[in-house]
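Report on the structure given below.
Remember, predicted model here, so these are calculated numbers, not experimental data. Residue numbers run from 1 in the order of the sequence given. When a ligand or atom number is given, it counts from 1 through the structure's own listing order.
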Amino acid sequence: MKRWNGWGRDEYHYHFAPSAKAFVENIVGKGEIIPDASLESIIKKVSKSRLPQHPLFNDSADVRVRRARGQSFPDWAAMRYGSVDTFPDAVASPTSQEDIESILALAKKEKFNVIPYGGGTSVVGHINPEKGDTPTLTVDMCAYDQLLDLDEVSHTATFGAGASGPQIEDALAVRGFKLGHYPQSHEFSTLGGWIASRSVGTQCYYYGRIEHLFLGGSMHTPQGRLDMPAFSASAAGPDLRHFALGSEGRMGIISDATVRISPLPEFEHFYAVFYPDWEHGFAALREMVQARLDVSMLRLLDKFETESTLQLSGKEKLVNFADSGLRLIGMGEERCMMLFGITGLAPIARNTLRQAHAIARKHKGFLERSFIGKLWYKSRFTTPYLRNNLWECGYGLDTLETVFPWSKVAEVKDEVEEALFTGLEAENEKLIVFSHLSHMYTDGASLYVTYLFRRTADAEETLERWKKLKAAASQVIVKHSGTISHQHGVGVDHRPYLPSEKGELGMESMRAFYEACDPNHIMNPGKLYKDR
Ligand SMILES: Cc1cc2nc3c(=O)[nH]c(=O)nc-3n(C[C@H](O)[C@H](O)[C@H](O)COP(=O)(O)OP(=O)(O)OC[C@H]3O[C@@H](n4cnc5c(N)ncnc54)[C@H](O)[C@@H]3O)c2cc1C
């Protein structure tokens, strides 16, 4: 079963080795073991639903608690410390377009808010009910998850928007196809959520970002249904899909979506390259991208993330073995690891590997072909479970991400990291901060920063620490005119920073469009912008 107060399934536990724990303790100090609030204690806080009885509505306290928060740091704090104070009044799980339409008609008539809910994996507060007198219905799309159509000739498939990553891939694999959208939240996140929050997967160079994969579909708004026909391309004015992409539940509920799919690849393999330092790795990375190498996945870890990845893997013997081997070939303390994947037709893949190896060698890189890439692939969806172990040992962990031109990204990286490193100096607290460049474009690269700090037994104090760090890093991004999010979206956590990148007219135009679809402001209020 899905955990109610952390990441993942109850039955899976990440092995947090004593050596990994010691690594964290040595840097930030020993964490305090702080007991979590129990599910029962939170259920007791749930008040009577303010919504009318309806055959589609479930107002049991357990169901409402489990849909009350996502995966942001404040969400974790609220659930784990037991300070959560708003819950949806009920949860509906529609199974047809008619269900969705009747829910929205009732919401308009009875004046209650509606939050579309996919996998609840949002990390920016997308699915949290607002405090206030208006009741909230969370519409969990999990029961609207079927493969509705597959066009084997055109390589397209239509799914119910509640289909999760594994459901989509399983349904396509038996027919010889693949979507290939792999955010790290793949296990739970859904097609509707990916579209509404503009998600990006790790293998996007081969399969495409969600903007490329999403061909069309249906959006049900309080003012009626908006059809977005699945054209391969169209020059007939603005593309309405772009109003749905990133709409974060403000526009309506996506019921189904048609996506581009690919045949199962003939070849797929992942590799690691070690570089003596960041500068060499960075130069090789840029060259690979700007030479338009046919990789499917690509990232460059800085020296702290390279070291932390090895240490936190808990594979002590292997880490020591790798360390001595790498030192022998001149890769010391400054070494940085690049990971890349190649997917597709075997002859093209062989050629890409040759080209990647040549660029790596030119920049003093050492290619490791067989082990580390495989290990990354195997553990790509299980590493998020480590956040549970860290939390239970007294540590908070969060990530942030942006994108900058190649000419600027390294400078911004240094400044963001410095802001985080020094963010809790007044409290005398040390942090672990590390980064990787996660998604590359010929003109720039996205920066993904992870930071870990100690929690205290006091929920407010812990939240204050996070707020300080988040604000310090976000202000650096805004100061350099960067985007507040490359892939996680806006929700409530990034809302204060959105006007600085969209401008006044941009914010007003966005608001006007969503208000045309939802004049009574019932759709996911408070996300993207504050309601007037
Ligand atoms: C461990 C972890 C790893 C992650 N890794 C990545 C990553 O690699 N790349 C990435 O892009 N993101 C990542 N994320 C963030 C998150 O998974 C994405 O934002 C994802 O797209 C959210 O999908 P979801 O189905 O869980 O949506 P939810 O969290 O349920 O909702 C997100 C937003 O979409 C809206 N929404 C959901 N379904 C619909 C619908 N049918 N119609 C209209 N609106 C809808 C909601 O109202 C909300 O505003 C990660 C999160 C976690 C916790």
Side-chain angles (χ1 to χ4, degrees), residues 2-3 6-8 67 69-73 75-76 88 93-94 97 100 104 113-129 136 138-145 159-165 167-168 181-204 209-211 214 217-221 226 243-257 297 299 380-388 397-399 401 438-439 446 448 450 485-492 494 517-518 523-528:
K2 197 170 160 190
R3 274 188 80 121
W7 177 251
R67 309 296 187 290
R69 291 292 180 276
Q71 295 287 325
S72 71
F73 189 90
D75 292 346
W76 271 51
S93 300
Q97 300 208 2
I100 297 174
L104 292 178
N113 294 330
V114 174
I115 303 182
Y117 183 102
T121 66
S122 157
V123 283
V124 289
H126 277 131
I127 44 108
N128 304 358
T136 297
T138 289
V139 178
D140 184 341
M141 293 297 289
C142 66
Y144 201 77
D145 59 356
F159 282 93
S164 68
Q167 285 172 326
I168 292 175
H181 185 70
Y182 291 115
Q184 219 185 9
S185 56
H186 187 254
E187 203 178 343
F188 301 105
S189 55
T190 63
L191 180 55
W194 298 335
I195 296 165
S197 61
R198 274 188 182 269
S199 136
V200 188
T202 42
Q203 285 174 254
C204 62
R209 294 169 57 102
I210 200 69
E211 297 95 299
F214 173 48
S218 310
M219 170 75 88
H220 300 264
T221 83
L226 184 87
F243 293 105
L245 284 158
S247 55
E248 302 195 354
R250 297 248 29 172
M251 184 176 167
I253 300 177
I254 303 159
S255 59
D256 55 77
M297 171 263 179
R299 64 176 53 169
R380 62 196 170 145
F381 303 136
T382 53
T383 34
Y385 284 78
L386 175 60
R387 195 178 174 196
N388 296 327
L397 179 137
D398 199 16
T399 61
E401 32 78 58
S438 69
H439 295 85
S446 81
Y448 191 95
T450 302
S485 178
H486 167 264
Q487 64 202 59
H488 288 162
V490 179
V492 286
H494 290 156
C517 298
D518 174 27
M523 295 306 306
N524 209 5
K527 316 303 155 26
L528 287 172

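- Residue contacts with ligand 1, taken as heavy atom pairs separated by less than 4.0 Å, involve M141 solely via side-chain atoms from C-beta onward.
- Nearest protein heavy-atom neighbour of atom 11 (O) of ligand 1: V200 N, 2.8 Å.
- Looking only at atom types and distance, the side chain of Q71 has no donor-acceptor partner in the side chain of S185 under 3.5 Å away.
- Among protein heavy atoms, the minimum distance from atom 21 (O) of ligand 1 is reached at S197 OG, 2.9 Å.
- Under the 3.5 Å distance criterion, with hydrogens and angles disregarded, a donor-acceptor pair is assigned to the side chains of H181 and S199.
- I127 CD1 to E248 CD: the interatomic distance, rounded to the nearest 0.5 Å, is 12.0 Å.
- Residue I253 approaches ligand 1 through these ligand atoms, each under 4.0 Å from one of its heavy atoms: 42 (N), 43 (C).
- Using modelled atom types and a 3.5 Å distance limit, the side chains of T399 and T450 yield no donor-acceptor pair.
- Of the heavy atoms in P183, both backbone and side-chain atoms come closer than 4.0 Å to ligand 1.
- Nearest non-hydrogen protein atom to atom 27 (O) of ligand 1 is G193 CA, 3.5 Å.
- Shown in contact with T190 at under 4.0 Å from a heavy atom are these atoms of ligand 1, numbered in order with element: 24 (P), 25 (O).
- The protein heavy atom nearest to atom 12 (N) of ligand 1 is H488 CD2, 3.8 Å.
- Residue contacts with ligand 1, taken as heavy atom pairs separated by less than 4.0 Å, involve S122 via backbone and side-chain atoms alike.
- By the 4.5 Å heavy-atom criterion applied to side chains, V490 and K527 are not counted as neighbours.
- Distances shorter than 4.0 angstrom do not occur between any heavy atom of G70 and any atom of ligand 1.
- Residue S185 has at least one N or O atom closer than 3.5 Å to an N or O atom of ligand 1.
- Of all the listed residues (H126, E401, Q184), Q184 holds the heavy atom that lies closest to atom 6 (C) of ligand 1.
- Of the protein's heavy atoms, P116 O, 2.6 Å lies nearest to atom 47 (O) of ligand 1.
- The shortest contact between atom 43 (C) of ligand 1 and any protein heavy atom is with G252 O, 3.3 Å.
- Between R209 and E211 there is a salt bridge, with a side-chain nitrogen of the basic residue lying less than 4.0 Å from a carboxylate oxygen of the acidic one.
- At a heavy-atom cutoff of 4.0 Å, ligand 1 is contacted by the side chain of V123 but not by its backbone.
- Proximity to N524 (heavy-atom distance under 4.0 Å) selects the following atoms of ligand 1: 47 (O), 49 (O).
- Short contacts between ligand 1 and A161, defined as distances under 4.0 Å to a heavy atom of the residue, involve ligand atoms 41 (N).
- Annotation: side chain of L226 is in contact with side chain of M251 (closest heavy-atom distance under 4.5 Å).
- Annotation: atom 36 (N) of ligand 1 to nearest protein heavy atom, A196 CB, 3.7 Å.
- Residues S197 and H488 fail the side-chain proximity criterion, which asks for heavy atoms closer than 4.5 Å.
- Here the protein heavy atom with the shortest distance to atom 42 (N) of ligand 1 is I254 N, 2.8 Å.
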(message) Run W7 and F188 through ring-ring contact (aromatic ring centres under 6.0 Å, His included) and show every step you take.
(response) CA-CA 10 Å; W7 177 251; F188 301 105; 5.2 Å; yes
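- Under 3.5 Å, the side chains of N524 and N113 contain no donor-acceptor pair of N or O atoms.
- When all heavy atoms of H220 and S255 are compared, the closest pair comes out as NE2-OG, 2.9 Å.
- Those atoms of ligand 1 that come under 4.0 Å of a heavy atom in P384, given as number and element, are 1 (C).
- A distance of 8.5 Å separates OG1 of T202 from OH of Y182, quoted to the nearest 0.5 Å.
- Contacts of Y182 with ligand 1, taken as heavy-atom pairs under 4.0 Å, are absent altogether.
- Atoms of ligand 1 lying under 4.0 Å from at least one heavy atom of G249, given by number and element, are 44 (N), 47 (O), 49 (O).
- Close contacts of ligand 1 with Q71, meaning ligand atoms under 4.0 Å from a residue heavy atom, involve 53 (C).
- In summary, the atoms of ligand 1 found under 4.0 Å from a heavy atom of W7, numbered by their order in the structure, are 53 (C).
- Put simply, the residue from D256, L191, D145 that forms a side-chain contact (heavy atoms from CB on, under 4.5 Å) with F159 is L191.
- Contacts of I127 with ligand 1, taken as heavy-atom pairs under 4.0 Å, involve the side chain alone.
- For V124 against S72, the heavy-atom pair with the smallest separation is N-CB, 3.9 Å.
- Among the atoms of Q487, some N or O lies under 3.5 angstrom from an N or O of ligand 1.
- With 3.5 Å as the limit, one finds a donor-acceptor pair spanning the side chains of E401 and S485.
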